[in-house]
Amino acid sequence: MSSSMNGRLYPAVPMLMVAEGDRVKMRIVNRSLIDHPIHLHGHRVRVLSRNGVAATGSTWWTDTLNVAPGEVFEVGFTADNPGIWMDHCHNFKHGSEGMIMHLGYLGVTTPFTEARIPE
């Protein structure tokens, strides 16, 4: 089975909903046996901790974070870029297999619908 987001594969991964101005804290855990470079569209995140150890020194800002097997990162960001944003594993094979979730802003909609492939 492919790697997943919160135990699910897209499109069954619920969208993370935020309001503009929210301060968001996310926990990223890799329970697989391979690295996952997690990419967050539309936002830069600040790394708060890695494996339970608080970040020290210069502030670590990124939009892609390589999460090795067993690693746990806590990151934070301010919801300051309204839209519907895709977050995914930057290993494109993993993304194509469903390792994708979306970050949506309350009140932001899209005229597009998800295309379904007939079975």
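- To the nearest 0.5 Å, the span separating CD1 on I28 from CE on M5 amounts to 8.0 Å.
- Of the residues D22, L40, V45, D63, the one that meets the side-chain contact (heavy atoms from CB on, under 4.5 Å) test with F77 is V45.
- Put simply, the side chain of N30 gets close to the backbone of V67: a donor and an acceptor are under 3.5 Å apart.
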Discussion item. Would I38 and M99 count as a side chain to side chain contact (heavy atoms under 4.5 Å, CB included) here? Give the steps.
Written reply: CA-CA 9 Å; I38 302 299; M99 195 172 182; 4.1 Å; yes
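- Residues L65 and W60 approach most closely at CD1-CZ2, 3.7 Å, considering heavy atoms.
- When side chains are defined from C-beta on, P14 counts as touching R8, because their heavy atoms get closer than 4.5 Å.
- Taking the ring centroids of F92 and H94, they lie at or beyond the 6.0 Å cut-off.
- To the nearest 0.5 Å, atoms CD (E20) and OG1 (T78) are separated by 11.0 Å.
- The nearest pair of heavy atoms linking A19 to A79 is O-CB, 3.5 Å.
- There is a path of hydrophobic side-chain contacts, each under 4.5 Å, that joins I84 to M17.
- Atom-to-atom distance recorded for N51:CG and E74:CD is 11.0 Å, nearest 0.5 angstrom.
- Here the side chain of Y10 pairs no donor or acceptor atom with the backbone of S96 at under 3.5 angstrom.
- One hydrophobic cluster holds both L106 and M101 under the rule that ILVMFWY side chains link at heavy-atom gaps under 4.5 Å.
- Closest of all the heavy-atom pairs between P69 and S32 is CB-O, 3.4 Å.
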Worksheet entry | Derivation of the side chain to side chain contact (heavy atoms under 4.5 Å, CB included) call for W85 and V108 | CA-CA 11 Å; W85 298 100; V108 175; over 6 Å; no
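- Put simply, CE on M86 and CG on L103 are 12.5 Å apart, with the number rounded to the nearest 0.5 Å.
- Here the rule is side-chain contact (heavy atoms from CB on, under 4.5 Å) with L48, and of K25, R27, M26 only K25 fits it.
- Side-chain heavy atoms closer than 4.5 Å link hydrophobic residues (I, L, V, M, F, W, Y) into clusters, and following such links, even through other members, never connects W61 to V75.
- Following chains of ILVMFWY side-chain contacts shorter than 4.5 Å, one cannot reach V72 starting from V47, and the two form parts of different hydrophobic clusters.
- With values rounded to the nearest 0.5 angstrom, R46 atom CZ is found 14.0 Å from T62 atom OG1.
- Between N66 and P37, the closest heavy-atom pair is OD1-N, 3.7 Å.
- In this structure, the ring of H41 has its center no less than 6.0 angstrom from the ring center of H43.
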Discussion item. Walk me through whether V13 and I100 qualify under side chain to side chain contact (heavy atoms under 4.5 Å, CB included).
Written reply: CA-CA 8 Å; V13 180; I100 296 170; over 6 Å; no
